[in-house]
Colleague: 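Pasting in a structure now, in structure tokens, and then I'll have a few things to ask.
Whatever order the structure lists ligands and atoms in, that order sets their numbers, starting from 1. If you read the sequence from its start, that first residue is 1, and numbering goes on from there.
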Amino acid sequence: MAKAIYQPKGRAKEYGDYAINIYTGCPHRCYYCFAPSVLHKDREEFHSHVEPRKGIVEAVKRQLEAERITSKLIHLCFTCDPYPVGIDTIPTREIIKAIKESGNHVQILTKGGREAGRDFDLLDEFDWFGITFTGDCDKEPMAASGAERMDTLCEAWRRGIQTWVSCEPVFVPELIYSLIAHGDFIDKFKIGKLNYYTSNINWGEFGRKCEKLCKEYGRNYYIKEDLRKEMECDA
Ligand code: SF4
């Protein structure tokens, strides 16, 4: 197995300096999912045969110890979801435990909904719990509903865990504007665009409006590089 804990490159680097991919695939069937192409896997196989990567928990523990990795923020996950709906997610819990016991912190990104709340007892104010919010859950047919994701995010916030939302890809700008205006329980917004698919959205305008709203409502935010370029080129 390639290193269990790795340093992401390219666009993924905007999400974190270290990451772990726990599962072989993801059952959520988001129509825009890039993971099968990144992994050079058949799309149907990726969505239908999902299990923990062989030996992943032990590999993480070994690497944390051998490389004395500490005080890092480790992202879960890029090429899968740490809480795949309908799959045994105990390996996620075991990996979070190992990360925390070694003095590191986690940054979770999921569309898995309330299942993730099971592990909130392991997290503290140095960890980040995040959900993806695209504005169109129909494009993520097997993931938890938007309402369930939002409820889980609120629960994390009530428990003192830092919360974040990845607004990418974006399908309905108005819903992102509304989330910025009303998301008092969100500690950080990461805002991107829709890549690889055509869209009628004017990205420059979208990005500028998001930034204006974030400033107006005092939100902590990060505009992803692809969107920032669009904002700059037609400003
Ligand atoms: S949740 Fe992420 S990994 Fe899973 S299908 Fe959707 S985009 Fe792909």
Colleague: Would you say the ring centers of Phe189 and Tyr217 fall short of 6.0 Å from each other?
Modeller: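 Centroid separation for Phe189 and Tyr217: 6.0 Å or greater.
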Colleague: Is any N, O or S atom of Cys30 under 2.8 Å away from atom 6 (Fe) of ligand 1?
Modeller: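 Looking at Cys30, which is the residue asked about, there is an N, O or S atom under 2.8 Å from atom 6 (Fe) of ligand 1.
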Colleague: Looking at OG1 of Thr152 and CZ of Phe120, how far apart are the two atoms once the value is rounded to the nearest 0.5 Å?
Modeller: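 Answer for the OG1-CZ pair, Thr152 versus Phe120, is 6.0 Å.
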Colleague: Indicate yes or no: does Glu44 engage Arg29 in a salt bridge with an N to O separation below 4.0 Å.
Modeller: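 A salt bridge links Glu44 with Arg29.
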Colleague: Is Glu140 in contact with ligand 1, taking contact as a heavy-atom separation below 4.0 Å?
Modeller: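 So Glu140 does not count as touching ligand 1.
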Colleague: Show the atoms of ligand 1 that are less than 4.0 angstrom away from any heavy atom in Arg29.
Modeller: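 Result: 5 (S).
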Colleague: In Å, rounded to the nearest 0.5 Å, how long is the span from CD of Glu101 to CG of Asn104?
Modeller: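 It comes to 11.5 Å.
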Colleague: For atom 1 (S) of ligand 1, grab the closest protein heavy atom and report residue, atom and distance to one decimal in Å.
Modeller: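 Looking at atom 1 (S) of ligand 1, the protein heavy atom closest to it is Lys111 NZ, 3.3 Å.
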Colleague: Which heavy-atom pair separates Ala143 from Arg149 by the least distance, and what is that distance?
Modeller: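 The answer is CB-NH2, 3.8 Å.
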Colleague: Can you tell which part of His47 has a heavy atom less than 4.0 Å from ligand 1: side chain, backbone, both or neither?
Modeller: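 Only the side chain of His47 comes within reach of ligand 1.
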Colleague: To check your reading of the model: name the closest protein heavy atom to atom 8 (Fe) of ligand 1, its residue, and the distance in Å.
Modeller: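 Answer, as residue, atom name and distance: Cys33 SG, 2.3 Å.
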Colleague: Distance check, rounded to the nearest 0.5 Å: Lys61 atom NZ versus Lys97 atom NZ?
Modeller: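 Output value for this atom pair is 8.0 Å.
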Colleague: State whether Cys26 contributes an N/O/S atom found under 2.8 Å from atom 8 (Fe) of ligand 1.
Modeller: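 Not a single backbone or side-chain N, O or S atom of Cys26 is under 2.8 Å from atom 8 (Fe) of ligand 1.
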